[in-house]
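Below, read A as the first sequence line, B as the second, and so on, with proteins coming before strands; counting in each chain starts at 1.
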There are 2 protein chains.
Amino acid sequence: MFFLKELPSRQMVDGYADQFADVDVDRVLDALRLMRRASLLIRELEAYFARHDLSQLRFLMMILIDREPERNCLAASEIAERLDVSRPVVTRTLQGLERAGLIAISENSEDARSRNVTLTLSGKAKLDEVLPGYFAILHRPDPAADK
Amino acid sequence: MFFLKELPSRQMVDGYADQFADVDVDRVLDALRLMRRASLLIRELEAYFARHDLSQLRFLMMILIDREPERNCLAASEIAERLDVSRPVVTRTLQGLERAGLIAISENSEDARSRNVTLTLSGKAKLDEVLPGYFAILHRPDPAADK
DNA sequence: TTCCTTTAGTTATCATGCTAACTATATAAT
DNA sequence: ATTATATAGTTAGCATGATAACTAAAGGAA
(Lines give C-alpha, C1' and ligand atoms only; values in the text may rest on other atoms or scores of the structure.)
Protein backbone atom coordinates (compact mmCIF):
# COMPACT_ATOMS: atom_id res chain seq x y z
CA MET A 1 0.00 0.00 0.00
CA PHE A 2 1.03 3.57 -0.59
CA PHE A 3 -0.39 6.23 1.66
CA LEU A 4 2.04 9.11 1.35
CA LYS A 5 -0.15 12.19 1.82
CA GLU A 6 1.79 14.93 0.12
CA LEU A 7 3.26 13.63 -3.06
CA PRO A 8 6.67 15.03 -3.86
CA SER A 9 6.72 18.12 -6.01
CA ARG A 10 8.11 17.95 -9.52
CA GLN A 11 11.18 19.81 -8.26
CA MET A 12 11.79 17.25 -5.60
CA VAL A 13 11.49 14.30 -7.95
CA ASP A 14 13.76 16.20 -10.29
CA GLY A 15 16.22 16.58 -7.47
CA TYR A 16 16.43 12.86 -6.96
CA ALA A 17 16.08 11.92 -10.59
CA ASP A 18 18.86 14.22 -11.72
CA GLN A 19 21.35 11.83 -10.23
CA PHE A 20 20.19 9.11 -12.60
CA ALA A 21 19.64 9.06 -16.32
CA ASP A 22 16.41 8.60 -18.19
CA VAL A 23 13.84 9.39 -15.53
CA ASP A 24 10.55 10.66 -16.88
CA VAL A 25 9.39 12.80 -13.98
CA ASP A 26 5.79 13.08 -15.15
CA ARG A 27 5.49 9.35 -15.43
CA VAL A 28 6.87 8.95 -11.93
CA LEU A 29 4.36 11.41 -10.54
CA ASP A 30 1.54 9.69 -12.42
CA ALA A 31 2.54 6.36 -10.92
CA LEU A 32 2.61 7.84 -7.41
CA ARG A 33 -0.83 9.37 -7.89
CA LEU A 34 -2.12 6.06 -9.21
CA MET A 35 -0.84 4.17 -6.19
CA ARG A 36 -2.10 6.73 -3.73
CA ARG A 37 -5.58 6.86 -5.16
CA ALA A 38 -5.91 3.10 -5.44
CA SER A 39 -4.56 2.56 -1.93
CA LEU A 40 -7.17 4.90 -0.49
CA LEU A 41 -9.91 3.22 -2.48
CA ILE A 42 -8.80 -0.24 -1.41
CA ARG A 43 -8.60 0.84 2.22
CA GLU A 44 -12.09 2.23 2.01
CA LEU A 45 -13.42 -0.94 0.42
CA GLU A 46 -11.75 -3.12 3.05
CA ALA A 47 -13.30 -1.03 5.81
CA TYR A 48 -16.70 -1.32 4.12
CA PHE A 49 -16.39 -5.08 3.74
CA ALA A 50 -15.15 -5.45 7.32
CA ARG A 51 -18.39 -3.86 8.51
CA HIS A 52 -20.18 -6.73 6.75
CA ASP A 53 -17.87 -9.45 8.12
CA LEU A 54 -16.18 -9.73 4.74
CA SER A 55 -13.00 -8.63 3.05
CA GLN A 56 -12.37 -7.68 -0.53
CA LEU A 57 -10.84 -11.09 -1.13
CA ARG A 58 -13.75 -12.93 0.42
CA PHE A 59 -16.11 -10.86 -1.67
CA LEU A 60 -14.20 -11.49 -4.90
CA MET A 61 -14.14 -15.21 -4.28
CA MET A 62 -17.88 -15.25 -3.79
CA ILE A 63 -18.38 -13.18 -6.91
CA LEU A 64 -16.22 -15.58 -8.89
CA ILE A 65 -18.35 -18.53 -7.84
CA ASP A 66 -21.56 -16.67 -8.41
CA ARG A 67 -20.34 -15.56 -11.80
CA GLU A 68 -19.82 -19.15 -12.88
CA PRO A 69 -22.42 -19.77 -15.59
CA GLU A 70 -23.55 -23.39 -15.48
CA ARG A 71 -21.57 -25.24 -12.86
CA ASN A 72 -22.28 -22.81 -10.01
CA CYS A 73 -19.16 -24.17 -8.36
CA LEU A 74 -15.40 -23.75 -8.72
CA ALA A 75 -12.26 -25.64 -7.72
CA ALA A 76 -10.02 -23.87 -5.26
CA SER A 77 -7.22 -23.97 -7.80
CA GLU A 78 -9.36 -22.13 -10.34
CA ILE A 79 -10.04 -19.43 -7.80
CA ALA A 80 -6.34 -19.06 -7.05
CA GLU A 81 -5.62 -18.83 -10.75
CA ARG A 82 -8.20 -16.16 -11.50
CA LEU A 83 -7.47 -14.11 -8.45
CA ASP A 84 -3.72 -14.17 -8.87
CA VAL A 85 -3.24 -14.70 -5.17
CA SER A 86 -1.04 -17.27 -3.45
CA ARG A 87 -2.50 -20.70 -2.69
CA PRO A 88 -2.18 -20.49 1.07
CA VAL A 89 -4.20 -17.30 1.03
CA VAL A 90 -6.91 -19.06 -0.96
CA THR A 91 -6.96 -21.98 1.45
CA ARG A 92 -7.21 -19.77 4.49
CA THR A 93 -9.83 -17.49 3.01
CA LEU A 94 -12.00 -20.41 1.89
CA GLN A 95 -11.79 -21.89 5.38
CA GLY A 96 -12.97 -18.61 6.80
CA LEU A 97 -15.85 -18.37 4.37
CA GLU A 98 -16.87 -21.94 5.15
CA ARG A 99 -16.75 -21.33 8.88
CA ALA A 100 -18.95 -18.27 8.28
CA GLY A 101 -21.44 -20.44 6.39
CA LEU A 102 -21.15 -18.43 3.20
CA ILE A 103 -19.76 -21.23 1.05
CA ALA A 104 -19.84 -25.01 1.07
CA ILE A 105 -16.83 -27.13 0.21
CA SER A 106 -17.27 -30.65 -1.14
CA GLU A 107 -15.09 -33.39 -2.51
CA ASN A 108 -14.56 -33.77 -6.23
CA SER A 109 -15.49 -37.28 -7.32
CA GLU A 110 -13.16 -37.18 -10.30
CA ASP A 111 -10.06 -35.86 -8.55
CA ALA A 112 -9.52 -36.69 -4.93
CA ARG A 113 -7.09 -33.80 -4.51
CA SER A 114 -9.56 -31.19 -5.60
CA ARG A 115 -12.36 -29.42 -3.69
CA ASN A 116 -15.52 -27.96 -5.14
CA VAL A 117 -16.64 -24.66 -3.73
CA THR A 118 -20.28 -23.55 -3.83
CA LEU A 119 -22.14 -20.50 -2.61
CA THR A 120 -24.68 -21.18 0.12
CA LEU A 121 -28.01 -19.36 0.24
CA SER A 122 -26.56 -17.29 3.03
CA GLY A 123 -23.62 -16.50 0.75
CA LYS A 124 -25.89 -15.31 -2.03
CA ALA A 125 -27.81 -13.20 0.42
CA LYS A 126 -24.55 -11.67 1.65
CA LEU A 127 -23.65 -10.73 -1.91
CA ASP A 128 -26.96 -8.99 -2.37
CA GLU A 129 -26.48 -7.19 0.89
CA VAL A 130 -23.06 -5.92 -0.04
CA LEU A 131 -23.24 -5.13 -3.75
CA PRO A 132 -25.06 -1.78 -3.65
CA GLY A 133 -22.56 -0.26 -1.25
CA TYR A 134 -19.72 -1.73 -3.25
CA PHE A 135 -20.84 -0.02 -6.42
CA ALA A 136 -21.48 3.18 -4.54
CA ILE A 137 -17.89 3.31 -3.37
CA LEU A 138 -16.45 2.30 -6.73
CA HIS A 139 -18.34 4.79 -8.79
CA ARG A 140 -17.46 7.75 -6.65
CA PRO A 141 -15.48 10.23 -8.78
CA ASP A 142 -12.21 10.50 -6.82
CA PRO A 143 -12.02 8.95 -3.39
CA ALA A 144 -8.57 10.44 -2.95
CA ALA A 145 -9.93 13.96 -3.16
CA ASP A 146 -6.34 15.17 -3.29
CA LYS A 147 -6.90 18.74 -2.25
CA MET B 1 -4.99 -5.26 -2.60
CA PHE B 2 -6.87 -6.20 -5.70
CA PHE B 3 -5.45 -8.86 -7.98
CA LEU B 4 -8.43 -10.10 -9.94
CA LYS B 5 -6.92 -11.15 -13.26
CA GLU B 6 -9.83 -10.96 -15.64
CA LEU B 7 -11.87 -7.93 -14.89
CA PRO B 8 -15.57 -8.40 -15.36
CA SER B 9 -16.93 -7.50 -18.76
CA ARG B 10 -19.22 -4.55 -19.15
CA GLN B 11 -22.12 -6.99 -19.59
CA MET B 12 -21.31 -8.67 -16.32
CA VAL B 13 -21.14 -5.44 -14.37
CA ASP B 14 -24.35 -4.43 -16.05
CA GLY B 15 -25.88 -7.67 -14.91
CA TYR B 16 -25.12 -6.89 -11.29
CA ALA B 17 -25.68 -3.18 -11.54
CA ASP B 18 -29.10 -3.52 -13.12
CA GLN B 19 -30.45 -4.62 -9.77
CA PHE B 20 -29.49 -1.28 -8.28
CA ALA B 21 -30.09 2.25 -9.40
CA ASP B 22 -27.55 4.82 -10.47
CA VAL B 23 -24.54 2.67 -11.25
CA ASP B 24 -22.16 4.19 -13.77
CA VAL B 25 -20.69 1.06 -15.29
CA ASP B 26 -17.75 2.79 -16.94
CA ARG B 27 -16.76 4.39 -13.70
CA VAL B 28 -16.90 1.05 -11.95
CA LEU B 29 -14.68 -0.53 -14.59
CA ASP B 30 -12.25 2.38 -14.38
CA ALA B 31 -12.00 1.94 -10.63
CA LEU B 32 -11.35 -1.78 -11.02
CA ARG B 33 -8.61 -1.12 -13.56
CA LEU B 34 -7.11 1.50 -11.30
CA MET B 35 -6.97 -0.88 -8.34
CA ARG B 36 -5.61 -3.74 -10.39
CA ARG B 37 -2.84 -1.73 -11.96
CA ALA B 38 -1.80 -0.09 -8.71
CA SER B 39 -1.88 -3.40 -6.85
CA LEU B 40 0.47 -4.98 -9.38
CA LEU B 41 2.77 -1.99 -9.25
CA ILE B 42 2.81 -2.01 -5.45
CA ARG B 43 3.49 -5.74 -5.38
CA GLU B 44 6.37 -5.26 -7.77
CA LEU B 45 7.82 -2.43 -5.71
CA GLU B 46 7.52 -4.44 -2.51
CA ALA B 47 9.35 -7.34 -4.11
CA TYR B 48 12.05 -4.98 -5.31
CA PHE B 49 12.46 -3.40 -1.90
CA ALA B 50 12.46 -6.80 -0.21
CA ARG B 51 15.48 -7.75 -2.29
CA HIS B 52 17.23 -4.78 -0.68
CA ASP B 53 16.07 -5.59 2.87
CA LEU B 54 13.55 -2.76 2.69
CA SER B 55 9.85 -2.27 2.18
CA GLN B 56 7.97 0.52 0.51
CA LEU B 57 7.09 1.94 3.91
CA ARG B 58 10.68 1.76 5.16
CA PHE B 59 11.79 3.48 1.98
CA LEU B 60 9.19 6.22 2.24
CA MET B 61 10.11 6.94 5.83
CA MET B 62 13.74 7.31 4.90
CA ILE B 63 12.84 9.56 1.98
CA LEU B 64 10.74 11.72 4.29
CA ILE B 65 13.67 12.24 6.63
CA ASP B 66 16.09 12.80 3.80
CA ARG B 67 13.69 15.26 2.23
CA GLU B 68 13.66 17.38 5.35
CA PRO B 69 15.38 20.65 4.43
CA GLU B 70 17.25 22.01 7.42
CA ARG B 71 16.58 19.84 10.43
CA ASN B 72 17.60 16.55 8.80
CA CYS B 73 15.49 14.82 11.41
CA LEU B 74 11.79 14.20 12.04
CA ALA B 75 9.59 13.27 14.97
CA ALA B 76 7.85 9.93 14.70
CA SER B 77 4.51 11.67 14.95
CA GLU B 78 5.35 13.84 11.93
CA ILE B 79 6.16 10.72 9.95
CA ALA B 80 2.87 9.14 10.92
CA GLU B 81 1.06 12.30 9.92
CA ARG B 82 2.66 12.62 6.50
CA LEU B 83 2.42 8.94 5.68
CA ASP B 84 -1.19 8.55 6.75
CA VAL B 85 -0.39 5.26 8.40
CA SER B 86 -1.38 4.13 11.89
CA ARG B 87 0.93 4.93 14.79
CA PRO B 88 1.73 1.33 15.72
CA VAL B 89 2.92 0.69 12.17
CA VAL B 90 5.22 3.69 12.42
CA THR B 91 6.61 2.49 15.74
CA ARG B 92 7.28 -1.01 14.48
CA THR B 93 8.80 0.13 11.20
CA LEU B 94 11.09 2.62 12.91
CA GLN B 95 12.25 -0.11 15.29
CA GLY B 96 13.09 -2.30 12.31
CA LEU B 97 14.98 0.49 10.57
CA GLU B 98 16.93 1.22 13.75
CA ARG B 99 17.82 -2.44 14.24
CA ALA B 100 19.02 -2.46 10.63
CA GLY B 101 21.22 0.55 11.37
CA LEU B 102 19.56 2.72 8.73
CA ILE B 103 18.23 5.34 11.10
CA ALA B 104 19.12 6.65 14.54
CA ILE B 105 16.51 7.52 17.15
CA SER B 106 17.26 10.05 19.86
CA GLU B 107 15.40 11.78 22.64
CA ASN B 108 13.89 15.19 22.12
CA SER B 109 15.16 17.62 24.75
CA GLU B 110 12.07 19.81 24.52
CA ASP B 111 9.44 17.09 24.74
CA ALA B 112 10.22 13.94 26.66
CA ARG B 113 7.47 12.03 24.84
CA SER B 114 8.87 12.66 21.41
CA ARG B 115 11.67 10.92 19.51
CA ASN B 116 13.87 12.42 16.83
CA VAL B 117 14.63 10.22 13.87
CA THR B 118 17.75 10.75 11.74
CA LEU B 119 19.18 8.95 8.72
CA THR B 120 22.52 7.24 9.33
CA LEU B 121 25.26 7.23 6.69
CA SER B 122 24.30 3.64 6.02
CA GLY B 123 20.73 4.82 5.55
CA LYS B 124 21.74 7.48 3.05
CA ALA B 125 23.81 4.90 1.19
CA LYS B 126 20.83 2.56 1.12
CA LEU B 127 18.70 5.29 -0.44
CA ASP B 128 21.27 5.83 -3.16
CA GLU B 129 21.43 2.12 -3.77
CA VAL B 130 17.70 1.79 -4.16
CA LEU B 131 16.58 4.94 -5.94
CA PRO B 132 17.58 4.10 -9.53
CA GLY B 133 15.66 0.81 -9.52
CA TYR B 134 12.72 2.55 -7.86
CA PHE B 135 12.44 5.10 -10.64
CA ALA B 136 12.93 2.40 -13.24
CA ILE B 137 9.90 0.51 -11.95
CA LEU B 138 7.77 3.63 -11.51
CA HIS B 139 8.36 5.08 -14.90
CA ARG B 140 7.55 1.91 -16.78
CA PRO B 141 4.52 2.60 -19.00
CA ASP B 142 2.00 0.01 -17.75
CA PRO B 143 3.17 -2.70 -15.39
CA ALA B 144 -0.25 -4.32 -15.57
CA ALA B 145 0.04 -4.92 -19.29
CA ASP B 146 -3.65 -5.77 -19.27
CA LYS B 147 -3.65 -7.37 -22.70
C1' DT C 1 4.52 -52.14 -12.09
C1' DT C 2 7.75 -48.79 -10.35
C1' DC C 3 9.58 -44.37 -10.39
C1' DC C 4 9.52 -39.48 -11.48
C1' DT C 5 7.22 -35.34 -12.15
C1' DT C 6 3.34 -32.40 -11.82
C1' DT C 7 -0.71 -30.65 -9.58
C1' DA C 8 -4.03 -29.63 -5.43
C1' DG C 9 -4.08 -28.29 -1.20
C1' DT C 10 -2.32 -27.50 3.62
C1' DT C 11 0.68 -26.00 7.39
C1' DA C 12 4.12 -23.06 9.40
C1' DT C 13 6.17 -18.75 9.55
C1' DC C 14 7.02 -14.02 8.42
C1' DA C 15 5.90 -9.00 6.95
C1' DT C 16 2.71 -5.23 6.96
C1' DG C 17 -1.71 -3.13 7.60
C1' DC C 18 -5.37 -2.26 11.31
C1' DT C 19 -7.90 -1.16 16.13
C1' DA C 20 -8.07 -1.16 21.11
C1' DA C 21 -6.00 -0.35 25.19
C1' DC C 22 -2.14 1.06 27.69
C1' DT C 23 1.89 4.43 29.79
C1' DA C 24 3.84 8.75 30.14
C1' DT C 25 4.28 13.51 29.26
C1' DA C 26 2.34 18.03 28.11
C1' DT C 27 -1.22 21.41 28.24
C1' DA C 28 -5.58 23.60 29.59
C1' DA C 29 -9.22 24.48 32.96
C1' DT C 30 -10.78 25.23 37.48
C1' DA D 1 -2.08 23.49 42.68
C1' DT D 2 -5.14 20.06 41.06
C1' DT D 3 -7.69 17.91 37.80
C1' DA D 4 -8.93 16.93 33.19
C1' DT D 5 -7.84 16.43 28.52
C1' DA D 6 -4.88 15.92 24.65
C1' DT D 7 -0.74 14.13 22.52
C1' DA D 8 3.45 10.78 21.74
C1' DG D 9 4.52 6.45 21.67
C1' DT D 10 4.15 1.44 22.76
C1' DT D 11 2.14 -3.20 23.32
C1' DA D 12 -1.13 -6.82 22.27
C1' DG D 13 -3.75 -9.04 19.08
C1' DC D 14 -6.13 -9.64 14.61
C1' DA D 15 -6.48 -9.81 9.27
C1' DT D 16 -4.35 -10.42 4.84
C1' DG D 17 -0.49 -10.65 1.82
C1' DA D 18 3.87 -13.62 0.89
C1' DT D 19 7.38 -18.08 0.64
C1' DA D 20 9.07 -22.50 1.89
C1' DA D 21 8.26 -26.93 2.85
C1' DC D 22 5.11 -30.49 3.34
C1' DT D 23 1.26 -34.48 2.07
C1' DA D 24 -1.45 -36.70 -1.18
C1' DA D 25 -3.14 -37.77 -5.54
C1' DA D 26 -2.64 -37.94 -10.70
C1' DG D 27 -0.19 -38.77 -14.85
C1' DG D 28 3.76 -40.29 -17.74
C1' DA D 29 7.96 -42.96 -18.74
C1' DA D 30 10.94 -46.80 -17.84
Worksheet item: Which part of the nucleic acid, if any, lies within reach of B:Ser55 when heavy atoms closer than 4.0 Å are counted: base, sugar-phosphate only, or nothing?
Response: sugar-phosphate
Fill in: Sugar-phosphate, base or nothing in reach of B:Thr91, heavy atoms under 4.0 Å
base
Item to complete: Could you note down all residue pairs passing side-chain hydrogen bond (donor to acceptor under 3.5 Å, both in side chains) where residues 82-97 of chain B supplies at least one of them, sequence neighbours left out?
Response: A:Arg43-B:Asp84, B:Glu68-B:Arg82
Under 3.5 Å, is there a donor-acceptor pair between the side chain of [X] and the main chain of [Y]?
X: B:Glu46; Y: B:Gln56; value: yes
X: B:Ser114; Y: B:Ala75; value: no
X: A:Tyr48; Y: A:Val130; value: yes

Worksheet entry | With A:Ala100 via side-chain contact (heavy atoms from CB on, under 4.5 Å) - residues at least two apart | A:Arg58, A:Leu102
Item to complete: Compare all side-chain heavy atoms of A:Leu83 with those of A:Val90 and state whether any distance is below 4.5 angstrom.
Response: no
Worksheet item: Distance from A:Leu29 atom CG to B:Leu138 atom CG, nearest 0.5 Å?
Response: 9.5 Å
Response to the item:
Counted 5' to 3', the first and last nucleotides of DNA chain C within 4.0 Å (strictly under) of a heavy-atom of chain B are C:dT16 to C:dA26
Discussion item. Can you list everything that forms a ring pair (Phe, Tyr, Trp, His ring centres under 6.0 Å) with A:Phe3? Sequence neighbours excluded, please.
Written reply: none
Discussion item. On DNA chain C, compare the nucleotides closest to B:Arg58 and B:Pro88; which residue's is nearer the 5' end?
Written reply: B:Arg58
Worksheet item: A:Arg43 or B:Ala112: which one's nearest nucleotide on DNA chain C is closer to the 5' end?
Response: A:Arg43
Fill in: Leading and trailing nucleotides of DNA chain D with any atom under 4.0 Å from heavy atoms of chain A
D:dT16 to D:dA26
Worksheet item: Does a salt bridge link A:Asp30 with A:Arg33, judged by any charged N lying under 4.0 Å from a carboxylate O?
Response: yes
Worksheet item: Are A:Phe59 and A:Tyr134 close enough that their ring centers fall under 6.0 Å?
Response: yes
Discussion item. What residues from residues 78-87 of chain A pass a heavy-atom cutoff of under 4.0 Å to DNA chain D?
Written reply: A:Val85, A:Ser86
Practice prompt. Name the residue closer to the 5' end of DNA chain D, choosing between A:Asp111 and B:Asp111 according to the nucleotide with the nearest heavy atom.
Written response: B:Asp111
